[in-house]
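I'd like to ask some things about the structure below.
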Amino acid sequence: MIRLDAIERTYVVGGSPVRALKETTLEIQPGEYVSIMGPSGSGKSTLLHILGCLDRPNGGSYRFAGQETARFSDDELSSLRRHRIGFVFQFFHLVPRLTAAANVELPMVFAGIPPDQRRQRVEQVLEVVGLGHRAGHRPDQLSGGEQQRVAIARAVVMEPAVLLADEPTGNLDSGSGREIVELMERMNRQGLTLIVVTHDPKIGDRARRRIRLADGRVISDDSP
């Protein structure tokens, strides 16, 4: 599903080039559960942004489902993100004035899905994350764990092939964090490809495949 070949990403900081990723090569198959770990500055967030087509590499090849993403226009990349890739972040990025249901519905509004289909799918996915009874609550009426569940529901409501989670438990207490990871793992067991970026080995070591970065390079790639 995902294939990176010799990916390079260089930024200019203070007038000097900084190589955030160096000749990064890896392949991720459909349905895998992968963690990407490493210290701050190792390149893991840069890698996630490239995997999610939020950023473009300076060199190398990134193929998603057999298609070379370098050839995609901005609109085509936007469509890929909307339909094939779900995102969960440390900070929930919910719209404060909208209810849980309305936050989950947003991707479908942007995709032009008819209202009847949107309502049905929102109800289904909120039940999946255990928040059907909280659909009418705004974010400030929800706990941190509940807000992250809403964010996960929003990320998967378009039925993506891949879920990218960037430090998904970083803003939660340990109990809520464990519940969030277990929820994503259940989705993975149902076929969703799950890629988790984390600095926490307790989270990263749960994955069946563990990739470690240092100084912009993959230094290990192993399975339990």
Side-chain angles (χ1 to χ4, degrees), residues 1-4 7 9 20-21 24-55 62 64-65 80-81 84-94 125 128-130 144-214 216-224:
M1 171 178 287
I2 286 173
R3 183 176 178 86
L4 304 182
I7 289 292
R9 185 63 175 102
L21 289 177
T24 300
T25 295
L26 61 90
E27 189 167 357
I28 297 173
Q29 300 296 332
E32 279 202 84
Y33 177 13
V34 180
S35 65
I36 298 173
M37 294 182 283
S40 178
S42 62
K44 58 186 186 295
S45 290
T46 300
L47 177 56
L48 179 134
H49 288 164
I50 287 175
L51 289 172
C53 297
L54 297 170
D55 192 11
Y62 174 23
F64 187 100
L80 177 63
R81 290 191 299 267
R84 304 299 305 279
I85 304 171
F87 298 91
V88 177
F89 299 100
Q90 176 178 349
F91 299 101
F92 319 124
H93 300 303
L94 302 178
V125 75
V128 168
V129 302
E146 288 173 332
Q147 290 184 63
Q148 191 64 302
R149 286 174 180 268
V150 173
I152 291 172
R154 181 182 58 191
V156 302
V157 74
M158 292 292 293
E159 301 177 345
V162 178
L163 181 62
L164 299 178
D166 190 4
E167 302 286 2
T169 65
N171 206 31
L172 302 173
D173 61 75
S174 58
S176 296
R178 183 175 60 255
E179 292 174 356
I180 289 301
V181 172
E182 290 172 351
L183 171 61
M184 293 190 298
E185 288 174 344
R186 288 198 298 273
M187 293 179 172
N188 170 252
R189 288 194 292 271
Q190 294 170 358
L192 180 66
T193 303
L194 177 59
I195 302 173
V196 179
V197 169
T198 182
H199 70 279
D200 185 347
K202 293 180 180 178
I203 302 298
D205 287 346
R206 295 176 66 107
R208 291 189 293 274
R209 178 181 175 191
R210 302 179 298 251
I211 297 170
R212 290 179 172 84
L213 300 182
R217 296 184 186 275
V218 174
I219 60 170
S220 68
D221 184 347
D222 57 69
S223 301

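Quick note: residue numbers are just sequence positions, from 1. Computed from a predicted model, the values in this text were never measured in an experiment.
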(Q) Test side chain to side chain contact (heavy atoms under 4.5 Å, CB included) on L213 and V218; report intermediate values, then the result. (A) CA-CA 5 Å; L213 300 182; V218 174; 3.4 Å; yes

Q. Which residues pass the side-chain hydrogen bond (donor to acceptor under 3.5 Å, both in side chains) test with Y33, sequence neighbours left out?
A. E185

**Q.** Heavy-atom pair with the smallest gap, counting every atom of F87 and G52
**A.** CZ-O, 3.3 Å

(Q) Let me confirm one number: the CD1-CZ distance from I36 to R209, rounded to the nearest 0.5 Å. (A) 9.0 Å

Q | Which residues share a ring-ring contact (aromatic ring centres under 6.0 Å, His included) with H93, sequence neighbours left out | A | F89

Q | salt bridge (charged side-chain N to carboxylate O under 4.0 Å, His left out) partners of residues 189-201, not counting sequence neighbours, each pair once | A | none

Q.
Any non-hydrogen side-chain atom of F92 less than 4.5 Å from a side-chain atom of V150?
A.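 No, every pair of side-chain atoms sits at 4.5 Å or beyond.
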
Under 3.5 Å, which donor-acceptor pairs link side chains of residues 173-180 to any protein atom two or more places apart or in another chain?
from: D173; atom 1: OD1; to: G175; atom 2: N; distance (Å): 3.0
from: D173; atom 1: OD1; to: S176; atom 2: N; distance (Å): 2.8
from: D173; atom 1: OD1; to: S176; atom 2: OG; distance (Å): 3.4
from: D173; atom 1: OD2; to: S176; atom 2: OG; distance (Å): 3.1

Q) Between atom CD1 of I7 and atom OG1 of T25, what is the distance when rounded to the nearest 0.5 Å? A) 8.0 Å

Q | Test side chain to side chain contact (heavy atoms under 4.5 Å, CB included) applied to Q148 and V88, step by step | A | CA-CA 8 Å; Q148 191 64 302; V88 177; 3.6 Å; yes

Q. What closest approach, in Å, do M184 and P168 show between heavy atoms, and which atom pair accounts for it?
A. CE-CG, 3.8 Å

Q: Measure the CD1-OG1 distance between I211 and T24 for me, rounded to the nearest 0.5 Å.
A: 10.0 Å

Q. For A20, what residues pass the side-chain contact (heavy atoms from CB on, under 4.5 Å) criterion, not counting sequence neighbours?
A.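 A20: side-chain contact (heavy atoms from CB on, under 4.5 Å) contacts with Y11, T46.
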
Q: Kindly write out the residues that satisfy salt bridge (Lys or Arg N to Asp or Glu O under 4.0 Å) with E27, not counting sequence neighbours, or none if the list is empty.
A: R3

Q. In Å and rounded to the nearest 0.5 Å, what is the CZ to OG1 distance from R206 to T198?
A. 11.5 Å

Q) Can you name the residues that form a side-chain contact (heavy atoms from CB on, under 4.5 Å) with A153, not counting sequence neighbours? A) V104, V125, L126, V129

Q. Under the side chain to side chain contact (heavy atoms under 4.5 Å, CB included) criterion, do L51 and F64 qualify, and how do the steps go?
A. CA-CA 9 Å; L51 289 172; F64 187 100; over 6 Å; no

Q. Could you give all pairs that pass the salt bridge (charged side-chain N to carboxylate O under 4.0 Å, His left out) test and reach residues 33-55, with sequence neighbours left out?
A.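 Checked against salt bridge (charged side-chain N to carboxylate O under 4.0 Å, His left out) - neighbours excluded - the pairs reaching residues 33-55 are R9-D55.
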
**Q.** Least distance between heavy atoms, P160 atom then G86 atom
**A.** CB-N, 3.6 Å

(Q) Using the side-chain contact (heavy atoms from CB on, under 4.5 Å) criterion, which residues pair with V128? Sequence neighbours excluded. (A) M187

(Q) For the CG atom of L164 and the SG atom of C53, what is their distance to the nearest 0.5 Å? (A) 9.0 Å

(Q) Is there a side chain to side chain contact (heavy atoms under 4.5 Å, CB included) between L4 and L47? Walk through the geometry before answering. (A) CA-CA 10 Å; L4 304 182; L47 177 56; 3.5 Å; yes

Q.
Let me confirm one number: the CZ-CG distance from R186 to L194, rounded to the nearest 0.5 Å.
A.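 That separation rounds to 12.5 Å.
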
Q) Under 3.5 Å, side chain of R210 to main-chain N/O of G204, donor-acceptor pair present? A)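 Absent.
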
**Q.** Residue pairs, two or more places apart or on separate chains, that pass salt bridge (charged side-chain N to carboxylate O under 4.0 Å, His left out) and touch residues 154-166
**A.** none

Q | Any I203 side-chain heavy atom under 4.5 Å of M37 side chain | A |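 Heavy-atom side-chain distance check fails, nothing below 4.5 Å.
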
Q: For R212 and D222, work out which heavy atoms get closest and say how close.
A: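 Scanning both residues completely, I find the closest heavy atoms to be NH1-OD2, 3.5 Å.
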
Q. For E167, which residues count as a salt bridge (Lys or Arg N to Asp or Glu O under 4.0 Å) partner, sequence neighbours excluded?
A. none

**Q.** Any donor-acceptor pair under 3.5 Å from N188 side chain to G31 backbone
**A.** yes

